[in-house]
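Because the structure is a prediction, the values reported are computed rather than measured.
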Amino acid sequence: MMLAIVHSRAQNGLAAEAVTVEVHLAPGIPGLAIVGLPEAAVRESRDRVRAAIVNSGYQFPNRRITVNLAPADLPKEGGRFDLPIALGVLAASGQIPVERLESLEVLGELSLTGDIRPVRGALPAALQCTELGRGLLVPSANVAEAALAESANVYGASSLGALCTELHENRLAKAIAAPRIEASDHGPDLADVRGQLQARRALEIAAAGGHSMLMAGPPGSGKSMLAQRLPGLLPPLDQAEALEVAAIASIGLAGFDPADWGRRPYRSPHHTASAVALVGGGGNPRPGEITLSHGGVLFLDELPEFERKVLEVLREPLESGKITISRAARQVDFPARFQLVAAMNPCPCGYLGDAGPGAGRCRCTPDQVARYRGRLSGPLLDRIDLHVFVPRLEPAALASAAPPDSESSAVVRDRVCAARARQRARAGKINALLGPKELDRDAVLDEASRQLLLTAMNRLGLSARAFHRVLKVARTIADLAAANHLAVAHVAEALRYRPVDQGS
């Protein structure tokens, strides 16, 4: 047979687009040409495929070989097409039975020795194969990841030579999916945090309602420590959420570790990160930090040290929960429903308003403080629900062995789960996602609460967006208290978390 067809998948954002690998052998000057919009790594596969076939004990055809990757207008990248091309060459030259490949989709990168190396995006490909009823042949290192897709027929291979032997003998064995074991480690415990009752309370509210949060305070007051404990307060991911989080991690640079199944992501990029690093991008768009933190927490430490244009890219996904990356050849939508937690100092030196041992240490001028805080735009700050000052702890509080006010993450998580259950039973979503009409229905104010909120809006100059965010936070506080209706106390506490000059 001089023509063989092998099915594969290209990665296009979270979508695994179907690709048909057509291999044709013809008389002429020997060579291998790849067409169908291949990028550099795909064009280089001809040398890897040749060496892998020869070193696996098979003959590389002395013919003119044309490989077409269809559809031709879809860009192809990476080494994921090495294995389907090699199998197509062997099938077209009659060295393996082509009928064994008809019900399979194949992914895999080849080494020069014929070993099959892992690729990114095995889980999204497995999900698509399941819908079409085809099996998926992946490198052995990708089997555990691909088998997370329910009802997927996943087959693993470690080398080209062993795979061809199994195809000859028709004994390609379906991989047995390992049981899904949710990560039992919820991360650092909130009980490790000494004092900081207001910040701990704000962290619980943020977890219960899915709200964003900004902490300001002097260096060493525990802002990063608090942020690291937020994922442990969040409810466990359900099966659909865990699958989506795993699929996103699968196409990232680090890939997905099956040991992280069910664990909410926690991302903490350095303040030198670029806008592309946060939102994603590239010729073949890949997810950035805000997508990799989908379903979890994005922590930005030293917030004013980020470039202004980098911070401004957060505004749209904070509202919409998704990010759209447009390129000349394609447009990709990535989910970006994350919880933003940020930390900053009150001034460039960090000691403005410090009432502890560092009192009076600040030497920043008012202009320096204004320029430092001016790096954060009003629209961005307006989109952050909770603003809290984290003061320096007294030495006596740090030295206490077992502070009575230190609840564990498990205790707080139970309250958070109960509050979220009330929200989903009432509106089908958490409070941070409520729209104006839903707020009119679920966050009804009595006359005293209404007057308090109107007075605060006039005195603090709150925007319409801030008005709705105060209502969302107040609704979350009421849910934590198992209250059906908003009261003055709920609104008053929510107003405490609006941005004010914490250093004064």
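Contact annotation: the side chain of T165 approaches that of R171 to within less than 4.5 Å [non-hydrogen atoms, C-beta and beyond].
Checked for salt-bridge contact, R465 and E319 meet the test: a charged N lies under 4.0 Å from a carboxylate O. Using a 4.0 Å cut-off between charged nitrogen and carboxylate oxygen, R229 and D192 count as a salt-bridge pair. R263 and D260 are joined by a salt bridge, as a carboxylate oxygen and a charged side-chain nitrogen come within less than 4.0 angstrom of each other. The existence of a salt bridge linking E312 and K309 is excluded, since no basic side-chain nitrogen approaches an acidic carboxylate oxygen closer than 4.0 Å. Using a 4.0 Å cut-off between a side-chain N of Lys or Arg and a carboxylate O of Asp or Glu, D479 and R426 qualify as a salt bridge. Between E305 and R375 there is a salt bridge, since a side-chain N of the basic residue sits under 4.0 Å from a carboxylate O of the acidic one.
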Audit row: V49, F81, side-chain contact (heavy atoms from CB on, under 4.5 Å) steps and yes/no: CA-CA 10 Å; V49 167; F81 299 107; over 6 Å; no

Trace of the side-chain contact (heavy atoms from CB on, under 4.5 Å) decision for V89 with I65: CA-CA 8 Å; V89 170; I65 305 172; 4.3 Å; yes

Pair L104-H7, side-chain contact (heavy atoms from CB on, under 4.5 Å): steps then yes or no: CA-CA 7 Å; L104 288 177; H7 301 285; over 6 Å; no

side-chain contact (heavy atoms from CB on, under 4.5 Å) assessment of L160 paired with N55: CA-CA 9 Å; L160 179 61; N55 290 326; over 6 Å; no

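A donor and an acceptor atom, one from each side chain of Q331 and T324, are nowhere located under 3.5 Å apart. In this model, no donor atom of one side chain and acceptor atom of the other lie less than 3.5 Å apart for R422 and N431. Under the 3.5 Å distance criterion, with hydrogens and angles disregarded, no donor-acceptor pair is assigned to the side chains of D189 and S408. Side-chain contact annotation: H211 with Q339, donor-acceptor N/O pair under 3.5 Å absent.
For the pair S140 (side chain) and A157 (backbone), a donor-acceptor distance under 3.5 Å is present. E438 contributes no side-chain N or O that, together with a main-chain N or O of D440, makes up a donor-acceptor pair within less than 3.5 Å. Looking only at distances, a side-chain donor or acceptor of S8 sits under 3.5 Å from a matching main-chain atom of V106.
Pairs passing the side chain to side chain donor-acceptor pair (under 3.5 Å) check and including a residue from residues 105-130, sequence neighbours excluded, read R9-E105, E105-R134, S111-T113, T113-D115.
P71 and A18 get closest at one heavy-atom pair: CD-O, 3.6 Å. Nearest heavy atoms, P269 versus F299: CD-O, 3.6 Å. Between A26 and R63 the shortest heavy-atom distance is O-CB, 3.6 Å.
Under the side-chain contact (heavy atoms from CB on, under 4.5 Å) criterion, A427 pairs with K429, L434, R441, D442, sequence neighbours left out. E39 pairs by the side-chain contact (heavy atoms from CB on, under 4.5 Å) definition with P75, E77, not counting sequence neighbours.
Applying side chain to side chain contact (heavy atoms under 4.5 Å, CB included) to L214 and the options L340, V388, L381 leaves one that passes, L381. Screening T66, V67, N68 for a side chain to side chain contact (heavy atoms under 4.5 Å, CB included) with E22, the sole residue that qualifies is N68.
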